[in-house]
2 protein chains.
Amino acid sequence: MLGTVIQAIDRAARVLAALQGSRHLGISELGVILQLPPSTVHGIVKSLQEHGLVVKEPHGQRYMLGPTLLQLSNVYLDTLDVRARAMRWTGDLSERTGLAVRLGVEFFDQVIVIHHEPRPDGTRQMPETGLTIPAHASALGKVLLAYRPAFLQSLLTKVPLRSLTGETLVEPELLEKALVDVVEKGYAVEDEEAVLGEASVAVPVADRDGEAVAAIAVVLPASQQPLADSAMTLLREAARNVSRELGSPTWPPVVATTDD
Amino acid sequence: MLGTVIQAIDRAARVLAALQGSRHLGISELGVILQLPPSTVHGIVKSLQEHGLVVKEPHGQRYMLGPTLLQLSNVYLDTLDVRARAMRWTGDLSERTGLAVRLGVEFFDQVIVIHHEPRPDGTRQMPETGLTIPAHASALGKVLLAYRPAFLQSLLTKVPLRSLTGETLVEPELLEKALVDVVEKGYAVEDEEAVLGEASVAVPVADRDGEAVAAIAVVLPASQQPLADSAMTLLREAARNVSRELGSPTWPPVVATTDD
DNA sequence: ATGAGTATTCGACATTGTCGAATGTGCTTC
DNA sequence: GAAGCACATTCGACAATGTCGAATACTCAT
């Protein structure tokens, strides 16, 4: 059925995606973005509104995403076995390294953070759960690309790769070379490729098939590169512990075969 | 158009709602829940899957909610003016009271937490953003019911009201009486109505129309009722500060007229 | 109050979604 | 490994639904 989706549902999802991008949009604006007549867009938006998936903004005519998405996403997070098992270990990791920790999974050509432990220094930090980062520009993403060749293949159908900073690897050949390195070393480094001034190191989490299904990263200021050996050890231990709880026979994982 | 939604989109939303309830469901199970043939359900699910709104579980045939919901909900939270403005004040409130704080808005017959400040005592607490609570069983909800009569009217079309604990108010007359009290006092109390052992006190947040659009609650153990006067003052100040930033001409808000 | 821009309603009809039948897949048991 | 059962997925006919242009209503700025 892939390739033959229900058009009305596809269009509804594209309305949500447009609102994700631009936040507040009127019917006519959505029509322009989606290349659809206003009356068609109106029908879609009203149908989504009925379920709280979109709402009209409080003082105007434009629409925005709605609260049902928040409720559903809470359930999504609750359903993730890897997240539930990682909570304790990522918490420990953050406490013992003094660093923020991210747990990420594959999300189209990106990685999405499904759990975030802020730096345990008492400062106020923006919650990161739900943030998406291009896979090739993040340590989390590079780990998943390295251990999941199908993910890399899928990504490479979408060249040109986006450049976030001057440090982002956008040449496919350079990226592939870097990913070989990741598998050899068992971890990936991100050095200002996604966010200036920010570095991170990520390692894979393996499931019961022994394949990488997630990645754990610690985040540090770029000026404090490279990561201390002690933190590296704690990072690897956390990932190994999560992997063991998921039933993984081995750690680090095997590189998945591409003909899954 | 309310009442004449696009059926395919309505069905897609109902698939999401079914997965919200039961977490993991196969096509046949969804068919039973939705009263639709498996092949129809399959088309819907595949269309949602294309956009990451549902995924197949890692080792099985059943489906679950997908990561796109997390990304979209992050944007939803980011879009909320009241939340952006409340972040600082709820943070202060939590610090100064030593209590957990919730910011909630109306969500069908419930209230949904759009921001959560954990108790600032360094203990690990479950994140509550995205949690929904029946409106009549929570201080947050009772404030909104009291100041937004249309919300109460909508709720009362859905009797019988659900009982969560032996303390929950389920008689419409008792609830309405309690809500009159809320407006007189300017705050609502929740005393083990939603969760045994848990109490909270909530006050309204007003927007530029001078109407309640959200509520802020502090959460305390039921054994520590009633809330200290000092904390009560801090709670009211936080709500007033958020309201002022939203452009409210007055605080506490007026009770909205029912013919909005 | 007026006008422009936009949202919403309405209804004809073509296209799309639906759904029953057939086929394929996965899992359990022997 | 084979068989059987439960369930998922594919296929295609056709009816119902979604689409979209025209008309109407609403909102906002001047």
Side-chain angles (χ1 to χ4, degrees), chain A residues 1-19 22-51 53-66 207-209 211 247 257 259-260, chain B residues 1-16 18-19 22-51 53-66 207-209 211 247 259-260:
Chain A
M1 175 70 89
L2 283 198
T4 356
V5 296
I6 295 173
Q7 179 179 246
I9 294 170
D10 183 63
R11 284 175 170 174
R14 286 167 56 217
V15 165
L16 296 176
L19 290 170
S22 302
R23 310 297 164 104
H24 297 265
L25 289 167
I27 296 292
S28 302
E29 291 170 297
L30 278 164
V32 170
I33 291 172
L34 300 173
Q35 299 288 298
L36 294 173
S39 57
T40 301
V41 170
H42 186 254
I44 295 166
V45 167
K46 282 303 182 186
S47 301
L48 292 169
Q49 188 179 19
E50 194 75 15
H51 290 278
L53 293 162
V54 308
V55 294
K56 201 177 260 197
E57 64 187 6
H59 297 95
Q61 297 281 93
R62 294 185 302 177
Y63 292 87
M64 52 197 260
L65 296 173
D207 73 347
R208 71 189 204 205
D209 296 330
E211 301 186 352
T257 55
D259 49 338
D260 279 341
Chain B
M1 174 71 87
L2 283 196
T4 353
V5 297
I6 294 173
Q7 180 180 243
I9 294 170
D10 183 61
R11 285 176 168 176
R14 287 167 56 216
V15 166
L16 297 176
L19 290 170
S22 302
R23 309 300 166 102
H24 297 264
L25 289 169
I27 295 292
S28 302
E29 291 169 296
L30 278 163
V32 169
I33 291 171
L34 300 173
Q35 299 289 299
L36 294 173
S39 55
T40 300
V41 171
H42 185 257
I44 295 166
V45 167
K46 281 305 178 182
S47 300
L48 291 170
Q49 187 177 24
E50 194 75 13
H51 290 276
L53 293 162
V54 307
V55 293
K56 200 175 262 196
E57 64 188 6
H59 298 94
Q61 297 282 91
R62 293 184 301 175
Y63 292 87
M64 52 196 261
L65 295 174
D207 74 347
R208 71 191 204 200
D209 295 330
E211 301 186 350
D259 46 342
D260 279 340

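Every chain is numbered from 1, with letters handed out A, B, ... down the list of sequences.
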Novice: Without decimals, in angstroms, what is the distance between B:Arg62 CZ and D:dA8 P?
Specialist: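 About 10 Å, once rounded to whole Å.
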
Novice: Would you give the length of the straight line joining atom CG of B:Asp10 to atom OG1 of B:Thr4, rounded to the nearest 0.5 angstrom?
Specialist: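 Going from CG on B:Asp10 over to OG1 on B:Thr4, the span is 11.5 Å.
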
Novice: Drop me the distance from B:Met64's CE to B:Ser22's OG, to the nearest 0.5 angstrom.
Specialist: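 OG of B:Ser22 is found 13.5 Å from CE of B:Met64.
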
Novice: Please report the distance, rounded to the nearest Å, between CD1 in B:Ile6 and P in C:dT15.
Specialist: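 In whole Å, C:dT15 P lies 18 Å from B:Ile6 CD1.
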
Novice: Step by step, would you call A:Val41 with A:Arg11 a side chain to side chain contact (heavy atoms under 4.5 Å, CB included)?
Specialist: CA-CA 9 Å; A:Val41 170; A:Arg11 284 175 170 174; over 6 Å; no

Novice: Is any side-chain N or O of B:Lys56 closer than 4.0 Å to OP1 or OP2 of D:dT9?
Specialist: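 True: B:Lys56 side-chain N/O within range (under 4.0 Å) of D:dT9 OP1/OP2.
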
Novice: Given atom CD1 of A:Ile44 and atom P of D:dG18, what is their separation to the nearest angstrom?
Specialist: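 For the pair A:Ile44 CD1 and D:dG18 P, the rounded distance is 11 Å.
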
Novice: To the nearest angstrom, how far is A:Glu57 atom CD from C:dA7 atom P?
Specialist: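 For the pair A:Glu57 CD and C:dA7 P, the rounded distance is 11 Å.
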
Novice: Can you tell me if B:Tyr63 touches the phosphate of D:dT9, counting only side-chain N or O atoms and a distance under 4.0 Å to OP1 or OP2?
Specialist: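 Yes.
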
Novice: If you check every side-chain atom of A:Lys46, which of D:dT9, C:dT8, D:dG18 has the closest atom?
Specialist: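 Selected nucleotide: C:dT8.
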
Novice: Which nucleotide in the list C:dA7, D:dT19, C:dG17 gets nearest to the side chain of A:His42?
Specialist: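 Among C:dA7, D:dT19, C:dG17, the one nearest the side chain of A:His42 is C:dA7.
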
Novice: Would the distance check show the side chain of A:Ser47 and the main-chain N or O of B:Ile6 forming a donor-acceptor pair, the cut-off being under 3.5 Å?
Specialist: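 A pair under 3.5 Å: yes.
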
Novice: Between A:His24 and A:Glu57, which heavy-atom pair has the shortest distance, and what is it?
Specialist: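 Scanning both residues, the minimum pair turns out to be ND1-OE1, 2.7 Å.
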
Novice: Between D:dA8, C:dG17, C:dT6, spot the one nearest the side chain of A:Ser28, thanks.
Specialist: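 Nearest to the side-chain atoms of A:Ser28, counting from C-beta on, is C:dT6.
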
Novice: Would you say B:Lys46 and B:Tyr63 make side-chain contact, with heavy atoms under 4.5 Å?
Specialist: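 Yes - at least one pair of side-chain heavy atoms lies under 4.5 Å apart.
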
Novice: For B:Asp209, does its backbone N or O pair with a side-chain atom of B:Asp207 as donor and acceptor, under 3.5 Å?
Specialist: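 Such a contact is found between B:Asp207 side chain and B:Asp209 backbone.
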
Novice: To the closest 0.5 Å, what do you measure between CG (B:Leu30) and CD (B:Gln35)?
Specialist: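 Reported value, rounded in 0.5 Å steps: 12.0 Å.
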
Novice: Tabulate atom names and distances for all N/O pairs under 3.5 angstrom spanning the protein and nucleotides 19-24 of chain C.
Specialist:
from: C:dC19; atom 1: OP2; to: B:Thr40; atom 2: OG1; distance (Å): 3.0
from: C:dG20; atom 1: N7; to: B:Ser39; atom 2: OG; distance (Å): 3.3
from: C:dG20; atom 1: O6; to: B:Ser39; atom 2: OG; distance (Å): 2.9

Novice: Rounded to whole angstrom units, what separation is found between the CG atom of B:Leu30 and the C1' atom of D:dC7?
Specialist: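 It works out to 13 Å between those atoms.
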
Novice: Going 5' to 3' through nucleotides 25-30 of chain D, assign each nucleotide B (protein heavy atom under 4.0 Å from a base atom), S (under 4.0 Å only from sugar-phosphate atoms) or - (no protein heavy atom that close).
Specialist: --S---

Novice: Using rotation axes that map the C1' atoms of four end pairs onto the next four (five pairs an end), what angle separates the end axes of the helix from C:dA1-D:dT30 to C:dC30-D:dG1, to 10°?
Specialist: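 For the helix from C:dA1-D:dT30 to C:dC30-D:dG1, the axes at either end differ by 70°.
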
Novice: When you compare the side chain of B:Val5 with that of B:Ile9, does any pair of heavy atoms fall below 4.5 Å?
Specialist: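 Of all side-chain heavy-atom pairs linking B:Val5 with B:Ile9, none is under 4.5 Å.
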
Novice: Taking atom C1' of C:dT9 as reference, at what distance in whole Å does atom CD1 of A:Ile27 sit?
Specialist: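 A:Ile27 atom CD1 is separated from C:dT9 atom C1' by 13 Å.
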
Novice: Let me know the distance between CD of B:Gln7 and P of C:dG17, rounded to the nearest Å.
Specialist: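 That distance rounds to 11 Å.
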
Novice: With respect to B:Val15, which candidate in B:Leu36, B:Ile44, B:Leu65 satisfies the side-chain contact (heavy atoms from CB on, under 4.5 Å) definition?
Specialist: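 Among B:Leu36, B:Ile44, B:Leu65, the one that satisfies the side-chain contact (heavy atoms from CB on, under 4.5 Å) with B:Val15 is B:Ile44.
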
Novice: Are B:Arg62 and B:Arg23 close enough that some pair of their side-chain heavy atoms sits under 4.5 Å apart?
Specialist: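 Answer no - side chains too far apart.
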
Novice: For B:Arg14 and C:dG17, give me the distance from atom CZ to atom P, rounded to whole Å.
Specialist: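 Atom CZ in B:Arg14 sits about 17 Å away from atom P in C:dG17.
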
Novice: Check A:Val55 against A:Gly66 and note the closest heavy-atom contact, atom names and distance.
Specialist: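 Minimum heavy-atom contact is CG1-CA, 4.1 Å.
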
Novice: Return the 5'-most residue of the pair A:Ile9, A:Leu25 with respect to DNA chain C, ranking by each residue's nearest nucleotide.
Specialist: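 Looking at the nearest nucleotide for each, A:Leu25 comes out on the 5' side.
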
